[in-house]
Amino acid sequence: MGRKIAAGNWKMNLTLAEAESFISEFSTGDWPADVEVIFAVPFPYLISLNALAGNRITIAAQNCSDQTEGAFTGEVSAKMLDSASITTVIIGHSERRMYYHETHEILKAKVDQALAFGLTPVFCCGEPLEVREAGTHRHLVSQQIEDSLFHLDSEAFRRLIIAYEPVWAIGTGVTASPEQAQEMHAYIRGVVESKYGSFIAKHLPILYGGSVKANNAKMLFAQEDVDGGLVGGASLITSEFLQITNSF
Ligand code: PEP
């Protein structure tokens, strides 16, 4: 394990008042100094939560536009996020791929936007159930990574965080077993190594996502190639997520 990262993805949950009291309460909690804590929150809350969060918590966006600026009603650009002092953004979450038809090509442009404005992309990949059942999940995941990330030079690539999130495990209560997670993380590291070499592959943070809870985080984070988690449901419960941050 390299970096230790516990990232929460709130999706479209909580009111502003609930979000503010969550962060105020959470920031009084204890977790090891070497564990990086990230909350990806709804756009309208970014600035106020960033002000509340203090320097132990990173407030991140859940998405950004593939364009820099202009006539794109409803979109939020990486340039805007940077101007609001946001440093981190999730790109390519399976819900964005599924419901908003974000293709590998669009995600490539989003990654470029994020990097151009100095943001850290948390790039999500992972296979749906039917792909896992067909046994082609390794191929799909390497395609997702190659098509959206492999145009980057080493300098840019080393700024990424990758989250492996099997779609069949997201919000379903079904978690990949620690062995399944380890197997895919090692595979992803190998794919990265083949293009960028062992140093970059070894230091790339790869998070596991998919029904991570307080009662399974330790087993998952104990795997050699699992550097932490991207957590949906359990990141909305202060005590549960605090336990997850203490599971390394
Ligand atoms: C997610 O939203 O990225 C996620 C993994 O959700 P959950 O933890 O609820 O499965």
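The figures here come from the full heavy-atom set of this structure, side chains too, leaving out hydrogens, waters and symmetry mates. Order of appearance sets the numbers: ligands from 1, and atoms from 1 within every ligand. Numbers here are sequence positions counted from 1.
- The two residues P121 and A114 come nearest to each other via the heavy atoms CG-CB, 4.0 Å.
- With salt bridges taken as basic N to acidic carboxylate O contacts below 4.0 Å, one links E36 and R3.
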With the criterion set at N/O pairs under 3.5 Å, what does the list of contacts between the protein and ligand 1 look like, atom names and distances included?
| from | atom 1 | to | atom 2 | distance (Å) |
| --- | --- | --- | --- | --- |
| ligand 1 | 2 (O) | N9 | ND2 | 3.2 |
| ligand 1 | 2 (O) | K11 | NZ | 2.8 |
| ligand 1 | 2 (O) | H93 | NE2 | 3.1 |
| ligand 1 | 3 (O) | H93 | NE2 | 2.9 |
| ligand 1 | 3 (O) | E165 | OE1 | 3.1 |
| ligand 1 | 3 (O) | E165 | OE2 | 2.6 |
| ligand 1 | 6 (O) | G232 | N | 3.4 |
| ligand 1 | 8 (O) | S211 | N | 3.4 |
| ligand 1 | 8 (O) | G232 | N | 2.8 |
| ligand 1 | 9 (O) | G233 | N | 2.9 |
| ligand 1 | 10 (O) | G171 | N | 2.6 |
| ligand 1 | 10 (O) | S211 | N | 2.8 |

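- Not counting sequence neighbours, R97 has no partner by the salt bridge (Lys or Arg N to Asp or Glu O under 4.0 Å) test.
- With sequence neighbours excluded, no residue satisfies salt bridge (Lys or Arg N to Asp or Glu O under 4.0 Å) with E179.
- Comment: D227 engages R189 in a salt bridge, judged by a side-chain N to carboxylate O separation of less than 4.0 angstrom.
- Screening residues 43-65 for salt bridge (Lys or Arg N to Asp or Glu O under 4.0 Å) gives no qualifying pairs among residues at least two apart or on separate chains.
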